[in-house]
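Here is the structure we will look at.
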Amino acid sequence: MNNVPSRRNFKAVTVAAVACRSCFADLPVKSVLINIAQPRWVGPSYWASKPRVAIVMLNPGSGESRGDSKHEDSPEKCSLSLLQSFASGEGSLSAVFEHQAHDMRNWGNGRFDSFYLTGLSLQRKDLAFANVAWCATSGNKHPSAMLNRCFDLHTAKLLRALAPNLILLSGSGTHRFARGIQSLVPGARVISMFHYAHRKGADAEATELARVRQLIAKSRKAVT
């Protein structure tokens with residue numbers, strides 16, 4: 001089955017997500033500095049890339065451990081301002097993504113980029129990233145009720161709009177969504193893999209990255 005991506009539907013999903021705070025009304029979760037849903041990076045070349053690769057993780061980090069978060073010009077406060085501007089209709093999603101692209105290089109002290117880009121031989125401009133839960137919470141607590149609700153309300157629609165050929169579920173918390181995601185995007189290949197912040201060691205990481213690179217290469221041949 002051929003899945004066709006839709007930029008219009010993608011924009012509609014992000015607009016709806018940044019207006020949603022339902023989990024904080026009736027679930028045992030508390031907000032953090034960035035008290036708004038966080039659409040994740042979709043590269044400018046993603047829509048025409050072959051294969052279209054989406055990397056799905058569980059949730060955005062709370063930012064509580066970042067040493068620069070208290071500064072007036074911190075990346076966290078800049079991100080909040082850009083997201084609020086987008087939610088109000090005054091700003092753009094491209095500005096949010098431009099900031100993310102710059103700040104991603106610092107995530108995990110550089111480990112994020114070294115794992116997903118260098119490790120998988122992928123380019124940022126071609127990739128889409130997503131989280132099952134779009135909102136950060138204090139203590140990085142995301143109960144199942146929150147994950148399930150956010151997936152049903154927003155992430156499922158996001159994946160339909162992105163229509164990836166290859167979906168990498170990064171981190172054990174995402175793996176239980178594999179069957180549901182496969183039914184949403186039946187033409188995609190869904191692969192469960194490590195999270196970039198895993199603690200399995202360098203040898204296990206090298207083996208895992210080699211495995212996933214081979215699967216990406218097979219997907220690339222299948223769509224060209």
Side-chain angles (χ1 to χ4, degrees), residues 2-15 17-18 37-61 75-76 78-79 82-83 85-86 91-132 134 154-155 157-171 174 181 185 187-191 193-197 205 208-224:
N2 293 323
N3 297 297
V4 179
S6 170
R7 294 182 192 233
R8 178 181 295 181
N9 291 347
F10 167 68
K11 176 69 176 297
V13 171
T14 60
V15 168
V18 296
Q38 301 180 51
R40 279 306 191 226
W41 165 266
V42 176
S45 301
Y46 168 81
W47 307 96
S49 61
K50 294 183 179 181
R52 292 186 298 274
V53 179
I55 299 175
V56 179
M57 288 174 277
L58 198 63
N59 57 267
E76 295 283 290
C78 181
S79 180
L82 291 168
L83 286 165
S85 184
F86 169 63
S92 68
L93 193 57
S94 61
V96 173
F97 286 166
E98 183 179 353
H99 172 73
Q100 284 185 11
H102 178 77
D103 195 35
M104 263 190 264
R105 297 175 174 86
N106 302 316
W107 294 358
N109 293 317
R111 192 173 175 186
F112 185 96
D113 270 13
S114 68
F115 188 81
Y116 296 116
L117 302 185
T118 306
L120 295 178
S121 299
L122 296 171
Q123 296 187 59
R124 194 190 319 275
K125 66 183 179 63
D126 298 329
L127 290 173
F129 286 94
N131 284 313
V132 174
W134 293 43
H154 307 300
T155 312
K157 296 172 185 175
L158 172 71
L159 291 172
R160 288 196 194 100
L162 291 173
N165 304 114
L166 183 63
I167 301 171
L168 306 180
L169 299 182
S170 187
T174 66
I181 288 173
V185 194
R189 183 167 191 177
V190 180
I191 298 169
M193 64 174 292
F194 288 5
H195 188 269
Y196 82 93
E205 177 172 308
E208 175 73 340
L209 291 173
R211 177 184 74 89
V212 179
R213 282 197 305 270
Q214 289 181 343
L215 295 173
I216 293 171
K218 289 180 180 179
S219 293
R220 185 170 288 116
K221 290 179 180 179
V223 299
T224 54

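Nothing fancy with the numbering, it's 1 onward along the sequence.
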Looking only at atom types and distance, does a side-chain atom of [X] sit under 3.5 Å from a main-chain N or O of [Y], one as donor and one as acceptor?
X: R111; Y: W107; answer: no
X: S219; Y: L215; answer: yes
X: S85; Y: L82; answer: no
X: Y46; Y: L162; answer: yes
X: S170; Y: F194; answer: yes
X: R52; Y: A163; answer: yes
X: H195; Y: M57; answer: no
X: Q38; Y: L83; answer: no
X: R213; Y: G119; answer: yes

Is there side-chain contact between [X] and [Y], with at least one heavy-atom pair below 4.5 Å?
X: M193; Y: L120; result: yes
X: K157; Y: N9; result: no
X: L93; Y: P39; result: yes
X: P75; Y: H99; result: yes
X: P60; Y: W134; result: no

**Prompt:** Which heavy atom in P164 sits nearest to a heavy atom in A188, and how many Å separate them?
**Reply:** O-CB, 3.2 Å
**Prompt:** Can F10 and W47 be said to form a ring pair (Phe, Tyr, Trp, His ring centres under 6.0 Å), step by step?
**Reply:** CA-CA 11 Å; F10 167 68; W47 307 96; 5.7 Å; yes
From [atom1] ([X]) to [atom2] ([Y]), nearest 0.5 Å:
X: I167; Y: I55; atom1: CD1; atom2: CD1; result: 11.5 Å
X: L58; Y: N131; atom1: CG; atom2: CG; result: 7.5 Å
X: I216; Y: S121; atom1: CD1; atom2: OG; result: 8.0 Å
X: W41; Y: R124; atom1: CH2; atom2: CZ; result: 7.0 Å
X: L117; Y: Y196; atom1: CG; atom2: OH; result: 12.5 Å
X: R160; Y: T155; atom1: CZ; atom2: OG1; result: 11.0 Å

**Request:** Check step by step if side chain to side chain contact (heavy atoms under 4.5 Å, CB included) holds for E208 and V212.
**Result:** CA-CA 6 Å; E208 175 73 340; V212 179; 4.3 Å; yes
**Prompt:** Can you check side chain to side chain contact (heavy atoms under 4.5 Å, CB included) on L159 and V56, steps first, answer last?
**Reply:** CA-CA 10 Å; L159 291 172; V56 179; 4.2 Å; yes
**Asked** Given Y116 and L122, is the side chain to side chain contact (heavy atoms under 4.5 Å, CB included) satisfied, shown in steps?
**Response** CA-CA 7 Å; Y116 296 116; L122 296 171; 5.9 Å; no
**Asked** Parallel under 30°, tilted from 30 to 60°, perpendicular over 60°: which one fits the rings of F129 and F112?
**Response** tilted
